[in-house]
Amino acid sequence: KQEVTQIPAALSVPEGENLVLNCSFTDSAIYNLQWFRQDPGKGLTSLLLIQSSQREQTSGRLNASLDKSSGRSTLYIAASQPGDSATYLCAVILTGGGNKLTFGTGTQLKVEL
Amino acid sequence: GAVVSQHPSRVICKSGTSVKIECRSLDFQATTMFWYRQFPKQSLMLMATSNEGSKATYEQGVEKDKFLINHASLTLSTLTVTSAHPEDSSFYICSARSKLAGGPAVQYFGAGTRLSVL
């Protein structure tokens with residue numbers, strides 16, 4: 001059974017700092033991995049999607065990497081802003097998994113002024 | 001980008017009543033829709049997968065008679081929580097997978113429904 005873990009569970013940083021969120025998964029036979037953002041009481045916004053054949057994806061201040069062999073992904077946020085405060089979730093789809101997303105436990109980020 | 005509309009955003013009901021939640025893909029056809037449940041400070045747990053025109057596939061431990069799912073068209077899926085009880089209080093989120101051929105399989109999420117059963 002695929003298990004997805006995110007470390008740290010919570011993170012508080014001052015504005016402007018660069019930061020890294022970690023995601024690890026136990027089954028490396030993944031189809032793709034996605035990073036999502038969830039604001040309190042809201043749905044999910046997709047940030048980045050990395051196919052299994054890719055090593056990284058970039059969008060603006062966000063960069064996500066994928067290392068299938070070690071079962072890890074990182075989300076790098078450059079020059080953090082208070083508006084980045086949210087919960088960040090990673091999720092994987094297993095190869096042959098019928099498009100079912102398995103979500104990580106989430107990292108709650110707070111960027112302080 | 002693709003938009004998924006979920007309604008209502010919040011519902012408060014008495015114990016024993018049934019509640020219907022709608023999930024619509026507004027600008028694309030969704031062959032598959034997913035229903036998730038999220039408890040406070042926890043991650044999303046998949047409840048069921050529904051394909052248009054066929055019965056939903058429920059995850060282990062999810063009561064199919066309690067959580068009725070209907071996916072009657074390529075743009076609409078509904079989740080009905082029957083005879084709701086306080087323990088059913090949770091945040092329910094739907095997602096829809098685009099039908100577009102080629103490219104990565106991407107799920108687009110609704111804004112969620114906060115259900116509170118008194």
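Reckoned from all heavy atoms, side chains included, excluding hydrogens, waters and symmetry mates. Each chain gets a letter, A, B and so on, in the order the sequences are listed, and its residues count up from 1.
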Is there a path of hydrophobic side-chain contacts, each under 4.5 Å between heavy atoms of I, L, V, M, F, W or Y residues, that connects [X] with [Y]?
| X | Y | value |
| --- | --- | --- |
| B:Ile69 | B:Leu76 | no |
| B:Phe28 | B:Met33 | no |
| A:Leu62 | A:Leu19 | yes |
| B:Val11 | B:Tyr36 | no |
| B:Tyr108 | B:Ile21 | no |

(request) Select one option (side chain, backbone, both, neither) describing which atoms of A:Gln6 are under 4.5 Å from chain B's heavy atoms. (result)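 Contact with chain B is absent: no heavy atom of A:Gln6 under 4.5 Å.
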
Please determine whether the number of non-hydrogen atoms from other residues, nucleotides or ligands lying under 6.0 Å from atom [atom1] of [X] exceeds 12.
| X | atom1 | result |
| --- | --- | --- |
| A:Arg61 | CZ | yes |
| A:Gln108 | CD | no |
| A:Lys68 | NZ | yes |

(request) Determine the minimum heavy-atom distance between B:Phe91 and A:Gly41, stating which atoms define it. (result)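 Here B:Phe91 and A:Gly41 meet closest at CZ-O, 3.5 Å.
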
(request) Output the distance between atom CD (B:Gln42) and atom OG1 (A:Thr105), rounded to the nearest 0.5 Å. (result)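 The distance works out to 10.5 Å.
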
(message) With a strict 4.5 Å heavy-atom criterion, list every residue of residues 54-65 of chain B that contacts chain A, or say none.
(response)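 Residues B:Glu59 are the ones that qualify, each having a heavy atom under 4.5 Å from chain A.
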
(message) Counting heavy-atom pairs closer than 4.5 Å to chain A, which one of B:Gln6, B:Gln38, B:Arg114, B:Arg10 comes out on top?
(response)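 Highest number of heavy-atom pairs under 4.5 Å: B:Gln38.
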
(message) Can you tell me which of B:Gly110, B:Ala111, B:Ser95 forms the most heavy-atom pairs within a distance under 4.5 Å of chain A?
(response)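 Looking at each option in turn, the highest pair count goes to B:Ala111.
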
(request) Kindly indicate whether the side chain of B:Leu44, heavy atoms from C-beta on, has any atom under 4.5 Å from the side chain of A:Leu44. (result)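 Heavy-atom side-chain distance check passes, below 4.5 Å.
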
(request) Check whether any side-chain heavy atom of A:Leu101 lies under 4.5 Å from a side-chain heavy atom of B:Phe109, and answer yes or no. (result)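 Of all side-chain heavy-atom pairs linking B:Phe109 with A:Leu101, at least one is under 4.5 Å.
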
(message) Can a side-chain donor-acceptor contact be found between A:Gln34 and B:Gln107 if the only test is distance below 3.5 angstrom?
(response)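 There is no such pair (donor and acceptor under 3.5 Å, judged by atom type) between the side chains of B:Gln107 and A:Gln34.
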
(request) Check whether any side-chain N or O of B:Ser43 sits under 3.5 Å from a backbone N or O of A:Gly106 as a donor-acceptor pair, and report yes or no. (result)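 Not a single qualifying donor-acceptor pair exists.
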
(request) Side chain from CB out, backbone as N, CA, C, O: work out which of these in B:Ile93 comes under 4.5 Å of a heavy atom of chain A, or both, or neither. (result)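 When you check distances to chain A, only side chain atoms of B:Ile93 fall under 4.5 Å.
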
